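Just so it is clear, the model here is predicted, and its values are computed rather than measured. In what follows, every heavy atom counts, from backbone to side chain, and hydrogens, waters and symmetry copies are set aside. Order of the sequence lines sets the chain letters (A, B, ...), proteins ahead of strands, with each chain counted from 1.
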Amino acid sequence: MTDTRNAAPFARRFAFGRVLPASFYARDTALVARELLGTVLVNDSSDGRASGMIVETEAYVGEHDGACHAAAGLTNRTAPLYGAPGSAYVYLIYGLHWCLNAVTQPVGVPGAVLLRALEPLEGIDVMLNRRGAARLTPNLTNGPGKLCAAMAIDRNQNSTSLVSGSVRIHRGHVFDDDQVVVTPRIGIRKAADWPLRYFVRDNAWVSRTPAAFPARRYSEL
DNA sequence: TCGAAGATTGTCT
DNA sequence: GACAATCTTCGAG
């Protein structure tokens, strides 16, 4: 059932559990971002199931966070950020790439976790087709736009439930604090030095970290 | 109605 | 490393 023949070594001995409940998301955004590492994103779509372990996230923590879309307040675009914890916030960036966020905090309190990179588990062939790739390399899913393309996520998933929809997040591997690295977020200008990006140490599927970025282990915070 | 900005990526040098 | 692609959103006038 689980197609991990071409996956990375870690994925070949990996099994995942139940869907994360809404209560998982209705907490502090930074904590959710850290704890999403090791969980499994699954999409059952018409061309097949694809799944992957989340290995990189960023927290966008509310209206006081200049880099968070909610800094603009409640608008048509940002409404999902104020919605139910455990729902998806999907938006188009630069007119080209979709980005998937998991909405956090109780209803009415904006916050979200951007999913930046996955380690593929199931549906490798489906993901390769979607990305127009010939073989499995980290380039398949090591960025938020690439992740969405490989997982067939676009505006149709905006505001849908990650608890009961076709796109879901399951419990997976729990990484020790010592295995988690924290750096500033990538590609933003406002609040650019806030340490709210989390990724799995020494994992090949994580996107690149700029050389000048300070990096600390989560266990050292 | 118009203009500018943007949580990125792929290609070219 | 630089740069173009592409389009939605929102604020200003």
* Structure fact -> Whole-Å distance, A:H97 NE2 to B:dT11 P, equals 11 Å
* To do: Calculate the interatomic distance between A:I153 atom CD1 and B:dA7 atom P; express it in whole Å.
  => 19 Å
Looking at [X], I'd like to know whether one of its side-chain N or O atoms comes within less than 4.0 Å of OP1 or OP2 on [N].
X	N	result
A:R77	C:dC10	no
A:K190	B:dA7	no
A:N139	B:dG10	yes
A:R131	B:dG10	yes
A:R116	B:dT8	yes

* To do: Using both distances under 3.5 Å as the test, list the Watson-Crick or G-U wobble partner of B:dA7, or none.
  => none
* Asked: For C:dT6, which nucleotide is its Watson-Crick or G-U wobble mate, given both distances must be under 3.5 Å?
  -> none
* **Over all atoms of both residues, closest heavy-atom pair of A:Y60 and A:T29** => O-CG2, 3.7 Å
* Asked: Looking at A:Y91 versus A:H69, is the centre-to-centre ring distance below 6.0 Å?
  -> yes
* Distance-only donor-acceptor test (3.5 Å): side chain A:Y91, base B:dA7 -> yes
